Protein chains: 2
Amino acid sequence: MVIARCEVDYSGRLDAHLPPATRLLLVKADGSVLVHSDGGSYKPLNWMSPPCLLTETPVATDGIAAEWRVENNAGELLRITLLEILSDTSVDLGTDPGLTKDGVELHLQRLLAEQTDRLGLGWRLVRREYPTAIGPVDILCRQSAALAVDAAPDEGVPAARPTVDDLDHVADAVPEPEGGAPGARHLAVEIKRRATIDAVEQLTRYLDLLNRDPFLRPVRGTLAAQSITPQARTLAEDRGIRCLVLDYDEMRGIDNADERLF
Amino acid sequence: MVIARCEVDYSGRLDAHLPPATRLLLVKADGSVLVHSDGGSYKPLNWMSPPCLLTETPVATDGIAAEWRVENNAGELLRITLLEILSDTSVDLGTDPGLTKDGVELHLQRLLAEQTDRLGLGWRLVRREYPTAIGPVDILCRQSAALAVDAAPDEGVPAARPTVDDLDHVADAVPEPEGGAPGARHLAVEIKRRATIDAVEQLTRYLDLLNRDPFLRPVRGTLAAQSITPQARTLAEDRGIRCLVLDYDEMRGIDNADERLF
DNA sequence: TCCTCTAGCTTGGAC
DNA sequence: GTCCAAGGTAGAGGA
């Protein structure tokens, strides 16, 4: 960990230059180097990721304390000219036990898989991460037309909860395809924390593919997210894809309430 | 800049926890905090970006040296429990003169705009960053059918240079749309360093839009990149989008050669 | 402000 | 290895 007035040049995926200034140079145990200024973001001004090799060449030239060359095996080079070293400390931190995370897309997926009534009446989970040739669909649900009508009164779903138009799901008269499972329809759900146009494109690709399968079609799509950009919503609705805004806290609360009940 | 055995909890967009271990804590001038371990990448294990507020509450409890709370106005909280402080230094670095970069997508765009013969015979630059309702198209070119045929022998283009099939561009008999500029066609070019499926979707959206303009259509598409993933290539070709692999060094070399000639 | 797109993205997982 | 998808993506730039 060095604080020094320095000049930095990176040459690799692009070329970048830092004029002389006082900066913090972090050399990690694996030889990787970070060049930080006293502001900006968590991203260094310049860096070299491991695996890489740091070589120090002391320089006799006036006004230059030393020169570091940090290279990796892809031919990228970070050259640091140390003009004046203000501080140089070294500590052994040991290996870190690591970070545990909670609350990302996966958690939303699990919750929604347990709360399929949010998707409309009569939908039952087929599986999460339903595999296709172009990747897994987050959630695939199935609805038997007969079941849906019968089941609706018994579902015990609070009328206010579902955000999409249930009646539309139930009442739509979709012709049965030949070869398809009689009376069955499917729903592919794409889940995002923030849904942008990309999410709509992704779901569209899945729907195109799934609707080629006579045992699945007709397959509808729902885009479920904590937030949906207006453009994504417009594109989705233009393609007949439903939008469902998820309230993470509410879903988690219901999940906890369920746990308390059983 | 503190080195300490510490425990860290982040609560905000997700929840994350770091068990007790010795780590480097960087507090920048703007109050932002980075928690680094002695390895991994340039990304901290945990952090809080500016603008945020750091408050330190000294704790009398045995085995706890202090507690930091770093909050931002979005309600995110980073809580750091300092169990043992091994080092605590402070330096004023001043403001950084900043980083200069060169060689990213913008540079590829400029070079290709000067070397439109790589796109096929007869294409002339209309403009870079051609504005549309859904964002700027990297490069838009124009080809007068008459000009293209007349101009071909005079272009002085080395036969080996263009990577796409020129004859295809010139010889295709595309019917003139009513209301379109007579004899003109356009080419929309999407440039990427690495082209994935996303790039194809992006270009497809542009093409859909541009082809609604009677003064532009017919508009073709070319995906130009230093590398193109196989899936992107397949999807692009399936949609009639040409793929062009760019050699950055070669393009830069030709650029330099041009400079030497004039 | 929101939304878009780029990034030396990084990183993890599947194949 | 290559490719895809997610990220507390961050950050710049334009409407």
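We use all heavy atoms of the structure for the numbers below, so side chains are in, but hydrogens, waters and symmetry mates are not. In what follows, chains are A, B, ... by sequence order, proteins preceding strands, each numbered from 1. None of these values were measured; they are calculated from a predicted model.
- Taking atom CZ of residue B:Arg194 and atom C1' of nucleotide C:dT6, one finds them 14 Å apart after rounding to whole Å.
- Of the possible polar contacts, one joining the B:Gln115 side chain to the B:Met251 backbone as a donor-acceptor pair under 3.5 Å is found.
- Both A:Lys43 and B:Pro131 sit near DNA chain D, but only A:Lys43 has its closest nucleotide nearer the 5' end.
- Protein atom CG of B:Asp9 is 14 Å distant from nucleotide atom C1' of D:dG8, rounded to whole Å.
- Checking D:dA10, D:dA5, C:dG8 against every side-chain atom of B:Trp47, the shortest atom distance belongs to D:dA10.
- A distance cut-off of 5.5 Å between ring centres, combined with a plane angle under 30°, places A:Tyr10 in a stacking arrangement with the base of C:dG8.
- Proximity of a side-chain donor or acceptor of B:Asn72 to a complementary backbone N or O of B:Gly75 within less than 3.5 Å is detected.
- The shortest distance between the side-chain N/O atoms of B:Arg13 and the OP1/OP2 oxygens of D:dA10 is below 4.0 Å.
- Put simply, CG on B:Asp198 is 10 Å from C1' on D:dC4, counting in whole angstrom units.
- Whole-Å rounding puts the B:Leu99 CG to C:dT6 P distance at 20 Å.
- Comparing the P positions of C:dG8 and D:dA5 gives a spacing of 22 Å, expressed to the nearest Å.
- Using modelled atom types and a 3.5 Å distance limit, the side chains of A:Gln202 and B:Glu201 yield no donor-acceptor pair.
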